[in-house]
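As a basis for the values below, the full set of heavy atoms in this structure was taken, side chains included, without hydrogen atoms, waters or symmetry mates.
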Amino acid sequence: MMEKENFSVVDIFGENVFNDSVMQARLPKKVYKKLHEVMEEGKELDLETADVVAHEMKEWAIEKGATHYTHWFQPLTGVTAEKHDSFITAPMENGKVLMSFSGKELIKGEPDASSFPSGGLRATFEARGYTAWDCTSPAFVRQDAAGATLCIPTAFCSYTGEALDQKTPLLRSMEAINEQALRLIRLFGNTTSKRVTPSVGPEQEYFIVDREKYLQRKDLIFTGRTLFGAMPPKGQEMDDHYFGSIRERIASYMRDVNIELWKLGVSSKTQHNEVAPAQHELAPIYAVANIAVDHNQLIMETLKKVAYRHGLQCLLHEKPFAGVNGSGKHDNWSITTDDGINLLEPGKTPHENIQFLLVLTCILKAVDTHADLLRESAADVGNDHRLGANEAPPAILSVYLGEQLEDVLSQLISTGAATHSISGQRLETGVKSLPDFMKDATDRNRTSPFAFTGNKFEFRMVGSQDSVSQPNVVLNTIVAEAFAEACDELEKADDFDMAVHDLIKKYATEHQRIVFNGDGYSDEWVAEAERRGLPNIKSMVDAIPALNSEKAVALFEKFGVFTKAELDSRVEIEYETYAKEINIEAKAMIDIATKQIIPAVIRYTTTLAESINAVKAACGADISVQIEILMEVSDLLADTKNALSKLEEVTAQGAAMAQGREQAVFYRDEVMTAMKALRTPVDKLEMLVDKSMWPMPSYGDLMFEV
């Protein structure tokens with residue numbers, strides 16, 4: 001293997017980002033100040049200032065080799081979108097061209113809005129849509145085989161103003177929680193903090209397989225997951241892949257991923273092998289929510305792009321392989337003031353930290369009240385296979401607080417006052433050469449879907465291929481509501497200290513059912529959660545109605561995050577997406593079974609039958625084993641054909657139905673059932689048919705030969 005050239009992370013970090021230091025160096029002081037007022041105080045950006053910013057941004061991008069610019073946005077497809085325009089103007093009389101970029105072009109773009117999912121908000125004859133520059137998320141230059149392109153993060157809305165993307169509601173929700181959190185901290189005497197922002201650190205899990213093997217699997221190509229596949233002799237049961245030594249081929253890939261991300265200002269921090277064979281994780285350092293969402297989209301794009309260069313394929317599906325760990329995206333969420341105060345920092349004596357206890361109990365109230373909505377924010381087709389299986393959190397929302405905070409809440413509930421906090425003890429290893437140190441006051445719980453982990457909450461339900469925007473929109477808004485309701489009571493209280501004490505106790509008592517520190521994987525918890533009245537929403541189809549329930553509409557409209565029309569449109573899109581994805585999977589199964597599996601099995605049975613006849617004719621030896629195998633394979637082939645016919649029938653029925661909830665339910669109940677019925681005999685056949693005749697790489701080939 002060729003030796004890689006050394007480099008300095010410090011030197012390359014952010015080199016392709018039009019960040020604050022670049023702006024400070026290139027923009028006139030007056031323009032720089034005005035732009036910061038827009039970013040920090042929400043002031044309107046005038047065209048004169050925008051023209052100066054656009055010119056300097058263009059000059060900087062050209063120095064990086066850029067010839068084009070694009071408004072980079074996040075429509076409701078789950079991926080990013082872009083349209084490239086070059087900087088050239090109309091040719092001059094001498095045949096030369098100028099390179100220009102105006103403030104108007106920076107601020108506003110106009111892509112076709114009718115060809116993206118809109119849930120009825122846009123029709124084909126109503127094509128106009130707008131992209132608007134999100135100046136709080138830095139522009140960047142992306143360098144790839146096409147050259148260099150200036151990418152400008154933008155929001156995307158319709159001609160009539162409705163949000164058609166992931167970013168617009170996220171920015172609205174950030175404003176909502178900022179306003180309500182400021183109200184809350186003002187009550188506690190904080191007069192210096194000017195802004196409160198949600199900080200997010202999304203961990204990204206993914207699988208890596210060899211690209212040549214990937215290209216032999218039509219199911220992976222069309223759906224991102226294996227629709228057939230028998231388990232290999234070894235899976236993840238030995239726990240030897242988790243945090244294991246990273247193979248050189250993967251390490252080389254990770255290195256190049258990091259370099260690309262660092263150049264784009266993405267603070268890729270942690271990398272390691274995950275639980276399942278061929279599974280890995282990348283985690284960045286925290287960033288402001290909208291920037292973290294943009295960065296996560298860049299992470300997913302970069303993981304896929306760099307894999308291609310290494311002869312690899314990155315799989316971001318939540319469950320590419322049945323029977324082993326699925327991939328999630330742990331959304332670490334906290335709220336922080338502009339002067340560095342983390343509102344989720346309990347301190348050494350959390351029982352005395354009244355502001356923290358109010359924030360904590362408000363969050364308990366928010367999650368308990370809107371558990372269905374938070375569950376819906378992590379709902380997608382792939383996640384239905386993951387939640388509740390192989391180390392993923394269950395589909396039941398609960399909050400893990402740990403021993404220390406649960407003890408504080410118990411004191412509040414039982415006695416009305418918390419007088420002490422469990423503190424960390426010295427960890428003694430029993431080995432003299434190892435240092436003793438203070439351990440944390442509480443353990444961690446990897447089975448909890450929403451866990452407090454020291455000074456943040458980790459929402460572990462989110463799927464690996466999803467945008468983290470939607471769960472953060474929900475988190476920001478439901479917590480804003482809880483803060484608002486608390487402030488409404490406290491602002492009119494005669495005795496603030498007594499009122500806040502009573503409110504903390506009230507919220508802790510009324511919402512203690514959502515707190516669970518035990519094993520979320522256990523059957524006992526399912527029964528206990530039902531007894532507590534917690535929702536257990538197992539499928540995306542069952543989760544979707546929470547999005548435009550009366551409760552949700554009232555919540556989102558109160559804080560200006562979504563209108564009812566925007567929520568209704570998203571519900572329509574999600575039902576349609578569910579049906580379309582299952583339809584594609586079903587058609588892929590039909591195609592693979594018809595063109596690859598059944599012909600391969602027929603070839604094998606023909607060869608086996610010819611062998612039986614040849615052996616019998618040659619020496620009359622015992623051929624009972626061959627006959628038994630032939631009979632078993634033939635029976636399974638018949639089962640396969642019958643299951644295939646049934647799948648073809650129900651898939652055609654589903655495709656003929658009108659789009660909406662009824663169609664989505666049919667695909668879940670009828671088509672998915674028929675898909676499972678087809679997979680069963682095929683996976684058994686894989687274990688019987690000569691490997692050289694099986695038409696696709698096995699699970700073992702994909703997961704262990706990378």
Side-chain angles (χ1 to χ4, degrees), residues 170 173-174 176-178 180-181 184 196-203 283-289 292-293 296 328-337 341-347 350 353 355-378 392-394 396-406 408-409 440-463 466 468-483 486 504 507-508 511-517 520 534:
L170 178 64
S173 74
M174 291 171 66
I177 197 168
N178 169 57
Q180 301 309 321
L184 187 143
V196 179
T197 54
S199 295
V200 175
E203 304 166 28
I285 298 172
Y286 289 78
V288 176
V293 170
N296 186 250
K329 186 162 357 202
H330 301 171
D331 186 71
N332 294 282
W333 178 90
S334 62
I335 36 180
T336 310
T337 67
I341 302 169
N342 183 350
L343 301 189
L344 287 174
E345 177 57 63
N353 191 340
Q355 179 179 292
F356 165 75
L357 289 176
L358 180 60
V359 169
L360 178 70
T361 52
C362 281
I363 292 172
L364 292 182
K365 176 186 177 183
V367 174
D368 187 23
T369 304
H370 296 287
D372 56 345
L373 192 57
L374 197 54
R375 164 68 180 89
E376 199 285 331
S377 74
I396 305 165
L397 241 303
S398 65
V399 178
Y400 171 80
L401 293 180
E403 295 86 348
Q404 185 187 59
L405 293 184
E406 189 175 39
V408 171
L409 288 188
D440 294 319
T442 187
D443 204 345
R444 297 186 71 180
N445 187 330
R446 302 298 291 172
T447 72
S448 176
F450 197 78
F452 186 75
T453 54
N455 58 3
K456 58 184 171 59
F457 276 99
E458 182 181 24
F459 184 37
R460 300 180 64 244
M461 273 189 170
V462 187
D466 282 351
V468 287
S469 179
Q470 190 168 340
N472 285 295
V473 167
V474 172
L475 269 173
N476 294 343
T477 312
I478 64 176
V479 174
E481 179 190 55
F483 285 172
I504 291 169
Y507 288 172
H511 302 286
Q512 60 182 309
R513 69 172 186 167
I514 200 72
V515 178
F516 179 65
N517 281 359
L534 299 177

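Residues L397 and L534 have side chains not in contact (no heavy-atom distance under 4.5 Å, counting atoms from C-beta outward). At least one side-chain heavy atom of L401 sits under 4.5 Å from a side-chain heavy atom of L364. Put simply, the side chain of P284 reaches to within 4.5 Å of the side chain of P202, judged on heavy atoms. Looking at heavy atoms from C-beta onward, L405 lies in side-chain contact with L360 at the 4.5 angstrom threshold. H511 places none of its side-chain heavy atoms less than 4.5 Å from the side chain of T361. At least one side-chain heavy atom of V359 sits less than 4.5 Å from a side-chain heavy atom of L344. With contacts defined as side-chain heavy-atom distances shorter than 4.5 Å, the pair K456/T453 qualifies. Contact of the F459 side chain with the V200 side chain is not registered, since no non-hydrogen atoms from C-beta on lie closer than 4.5 Å.
With values rounded to the nearest 0.5 angstrom, N472 atom CG is found 6.5 Å from L170 atom CG. T336 OG1 to I341 CD1: the interatomic distance, rounded to the nearest 0.5 Å, is 9.5 Å. We find the OG-CG distance between S448 and N517 to be 8.0 Å, quoted to the nearest 0.5 Å. Of the inter-residue distances, the one linking L343 atom CG with N455 atom CG reads 11.5 Å to the nearest 0.5 angstrom. Once rounded to the nearest 0.5 Å, the distance linking CD1 of I478 with OG of S377 reads 8.0 Å. For the atom pair CZ (R460) and NE2 (H330), the distance works out to 4.0 Å, reported to the nearest 0.5 Å.
Between the side chains of Q180 and E481, not a single donor N or O lies within less than 3.5 Å of an accepting N or O.
Scanning for side chain to side chain contact (heavy atoms under 4.5 Å, CB included) contacts around I285 gives S267, K269, with sequence neighbours left out. Considering only residues two or more places apart in sequence or on other chains, T337 meets the side-chain hydrogen bond (donor to acceptor under 3.5 Å, both in side chains) condition with D339. Evaluation of the ring pair (Phe, Tyr, Trp, His ring centres under 6.0 Å) rule for F457 yields F450, F452 as partners, not counting sequence neighbours. K329 pairs by the salt bridge (Lys or Arg N to Asp or Glu O under 4.0 Å) definition with nothing, not counting sequence neighbours. Listed by chain and residue number, N476 satisfy the side-chain hydrogen bond (donor to acceptor under 3.5 Å, both in side chains) test with S173 (two or more places apart in sequence, or in another chain). Residues passing the salt bridge (Lys or Arg N to Asp or Glu O under 4.0 Å) test with D368, sequence neighbours excluded: R513. Under the side chain to side chain contact (heavy atoms under 4.5 Å, CB included) criterion, N353 pairs with Q355, F356, sequence neighbours left out.
Of all the heavy atoms in A482 and A366, the pair that sits closest is CB-CB, 4.2 Å. Residue P198 comes nearest to W333 through the heavy atom pair CB-NE1, 3.7 Å, listed as atom of the first residue, atom of the second, then distance. Smallest separation of non-hydrogen atoms from P449 and I396: CG-O, 3.3 Å.
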Evaluation steps, side-chain contact (heavy atoms from CB on, under 4.5 Å), between I335 and T197: CA-CA 6 Å; I335 36 180; T197 54; over 6 Å; no

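Checked against V479 for a side-chain contact (heavy atoms from CB on, under 4.5 Å), the options V367, V474, I363 give a single hit: I363.
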